[in-house]
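First the structure, then my questions, so here it is.
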Amino acid sequence: MLAKILGAAIQAPCGGNEQNWLFVVVRSDEQRRRLGEIYRRAGAILASWYEKADKPGHMSEGEYRRFLTAGLYLHQHLADAPVLVVACLRLEALASAPADHAREPQHAMFDSVPWMAGASIYPAVQNIMLACRALGLGTVLTTLHGLHEEEMREVLGLPIEYTTWALLPIGYPTDKFGPVKRKPVTEVAYRDRFGSPWPK
Ligand SMILES: Cc1cc2nc3c(=O)[nH]c(=O)nc-3n(C[C@H](O)[C@H](O)[C@H](O)COP(=O)(O)O)c2cc1C
């Protein structure tokens, strides 16, 4: 199953076809415990933020409570999942190049627009999620661990040029899948320009 999941991940598109991705598949009890502990501490930071946050308008009170309850549960139980996949990217711009080293255009672009790098890993992450669903496995895209990126890198032994972009706990779901609820297309799409309604 993991071979199929990783096989799906590497079919994804990425900028410049660089394929600088790396997937650390964490299965050992000790490594999962350490990652779970990082995620728990990151969760505590986020939980205090959510206490002050407003509920998104499109969610009912019940949906919002379920969203919070599920997220908080994961803070405490990440390591219960038998597999944790950490999706990483190698960003050469982060490597210790001399200050006068000529920057490749793409590296310069990541320096000025760092979030653009994520566009080269999240399609692979989505493929992992779709492969899990097809295999009857549950997962969720999480990013909270990024609050403690240095510790993540230390636990995983990642060299300096690698950064983590997503942590996916994978296991058999104890409940049923979806369906998920989303705002309708007519609320989130326009025709030709902003404000011109998408036909119903
Ligand atoms: C960029 C991104 C970051 C996310 N980070 C987290 C996270 O750290 N922890 C978590 O439990 N879920 C995380 N999620 C999952 C979202 O909370 C979830 O997709 C959203 O609430 C919709 O839930 P649903 O797909 O179950 O309907 C993340 C999703 C995305 C796209």
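Counting starts at 1 for both ligands and their atoms, in listed order. It should be emphasised that the depicted structure is a prediction, and the values quoted were computed from it without experimental measurement. The residues of the chain are indexed from 1 along the displayed sequence.
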- prompt: Does CD belonging to E154 count more than 12 external heavy atoms closer than 6.0 Å?
  reply: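 12 or below, so no.
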- prompt: Using 30° and 60° as the class limits, which term best fits the ring planes of Y64 and F67: parallel, tilted or perpendicular?
  reply: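 Parallel, since the angle between the ring planes stays under 30°.
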message: Just to be sure I read this right, does ligand 1 sit under 4.0 Å from the backbone of R182, its side chain, both, or neither, counting only heavy atoms?
response: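 The answer is the side chain.
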- prompt: Are any of the side-chain nitrogens in E37 or R34 under 4.0 Å away from the carboxylate oxygens of its partner?
  reply: no
- request: Show your reasoning for whether salt bridge (charged side-chain N to carboxylate O under 4.0 Å, His left out) applies to R66 and E63.
  value: CA-CA 5 Å; R66 184 173 179 277; E63 286 163 353; over 6 Å; no
Min heavy-atom dist Y39 to ligand 1 below 4.0 Å: yes
field: Atoms of ligand 1 close to F67 [distance to a heavy atom under 4.0 angstrom, numbered from 1]
entry: 17 (O), 21 (O)
query: Do Y73 and Y50 share a hydrophobic cluster (ILVMFWY, side-chain heavy atoms under 4.5 Å, transitive)?
result: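 No, because Y73 and Y50 fall into different hydrophobic clusters, even though each may have its own neighbours under 4.5 Å.
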Exercise check, heavy-atom protein proximity under 4.0 Å to atom 21 (O) of ligand 1: yes
- request: State the atoms of ligand 1, each with its element, that fall below the 4.0 Å cut-off from a heavy-atom position in L74.
  value: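 Ligand 1 atoms under the 4.0 Å threshold to L74: 11 (O).
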Euclidean distance, I121 CD1 relative to W165 CH2, rounded to 0.5 Å: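 Between W165 CH2 and I121 CD1, I get 9.0 Å after rounding to 0.5 Å.
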field: Validation row: H148, I45 side chains within 4.5 angstrom (heavy atoms)
entry: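 Yes; the side chains approach each other to less than 4.5 Å.
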message: Can you check which of V140, L141, T142, T143 brings a heavy atom nearest to atom 28 (C) of ligand 1?
response: L141
message: List ligand 1 atoms under 4.0 Å from L144, heavy atoms only on the residue side.
response: 8 (O)
task: Could you tell me if any non-hydrogen atom of K181 lies under 4.0 Å from any atom of ligand 1?
output: no
message: Give the atom numbers and elements of ligand 1 that come within less than 4.0 Å of a heavy atom of V180.
response: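 Here the atoms of ligand 1 in question are 25 (O), 27 (O).
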- request: Please check atom 4 (C) of ligand 1 for a protein heavy-atom neighbour under 4.0 Å.
  value: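 It does: a protein heavy atom is found less than 4.0 Å away from atom 4 (C) of ligand 1.
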